[in-house]
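Below, each value reflects all heavy atoms present in this structure, side chains not excepted, and no hydrogens, waters or symmetry copies.
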Amino acid sequence: MEQDYGANIISITDEDGVEYELEVLSSVTYRGAEYLALTPADADEDAEELEVSILKSVTENGEPLLVAVEDETELEEVYDLLMQSMFDEEDETDED
């Protein structure tokens, strides 16, 4: 997958050449790796449930890639950290 970072929107291209625009909701570092909480850039913000994916940033052959987290324990721990991070950011915004 290719990725291009810009503001809070990234564009990724999967192995089939399909391009996706995703909004980065939050990111955390866990055990030395970066993880991103992403949602489709065109998602309806007023929807009751937001489709969120958690992907891990890795480097393969010198190229940055986003990959799915396959270990359930790792995914749960990263999910908890991302939720905490997002709520901390929300609390800081509410205080301003």
Side-chain angles (χ1 to χ4, degrees):
M1 272 188 240
E2 283 183 25
Q3 62 188 20
D4 296 316
Y5 291 96
N8 287 340
I9 304 293
I10 63 171
S11 174
I12 64 171
T13 305
D14 69 13
E15 60 274 356
D16 296 324
V18 178
E19 188 171 324
Y20 300 92
E21 298 287 322
L22 302 169
E23 180 179 358
V24 179
L25 300 175
S26 186
S27 66
V28 295
T29 300
Y30 173 74
R31 296 188 178 181
E34 182 179 17
Y35 296 81
L36 305 173
L38 304 159
T39 191
D42 59 356
D44 181 6
E45 291 184 19
D46 295 328
E48 285 188 30
E49 289 189 29
L50 195 59
E51 178 186 332
V52 177
S53 299
I54 297 174
L55 299 177
K56 181 178 183 178
S57 179
V58 298
T59 302
E60 225 175 77
N61 299 325
E63 293 289 322
L65 299 173
L66 293 175
V67 298
V69 180
E70 301 201 10
D71 180 272
E72 286 297 319
T73 302
E74 177 183 8
L75 184 59
E76 287 176 22
E77 291 174 1
V78 169
Y79 173 83
D80 290 342
L81 287 172
L82 283 164
M83 290 299 107
Q84 180 181 351
S85 171
M86 288 172 59
F87 285 118
D88 288 349
E89 289 171 8
E90 189 174 289
D91 288 344
E92 289 174 12
T93 303
D94 290 345
E95 292 175 4
D96 290 340

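Neither side chain, Thr39 nor Glu23, offers a donor N or O lying under 3.5 Å from an acceptor on the other.
In this view, Val28 and Tyr35, Val78, Leu81, Leu82, Ser85 satisfy the side-chain contact (heavy atoms from CB on, under 4.5 Å) rule, not counting sequence neighbours. Remark: Thr29 pairs with no residue by the side-chain contact (heavy atoms from CB on, under 4.5 Å) rule, at least two apart or across chains. Partners of Asp71 by side-chain contact (heavy atoms from CB on, under 4.5 Å), not counting sequence neighbours, listed by chain and number: Thr73, Glu74.
Atom CG of Leu22 is separated from atom CG of Asn8 by 12.0 Å, given to the nearest 0.5 angstrom. We find the NZ-CG distance between Lys56 and Leu65 to be 12.0 Å, quoted to the nearest 0.5 Å. Note: Glu19 CD to Ile12 CD1 = 9.5 Å, rounded to the nearest 0.5 Å.
Side-chain contact between Val24 and Ile10 is present, with at least one heavy-atom pair separated by less than 4.5 Å.
The environment of Asp16 atom CG is dense: over 12 non-hydrogen atoms of other residues, nucleotides or ligands sit within 6.0 angstrom.
Leu66 pairs in a side chain to side chain contact (heavy atoms under 4.5 Å, CB included) with only one of the listed residues (Leu38, Ile54, Asp14), which is Leu38.
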Stepwise, does the side-chain contact (heavy atoms from CB on, under 4.5 Å) test hold for Leu55 with Val67? CA-CA 5 Å; Leu55 299 177; Val67 298; over 6 Å; no
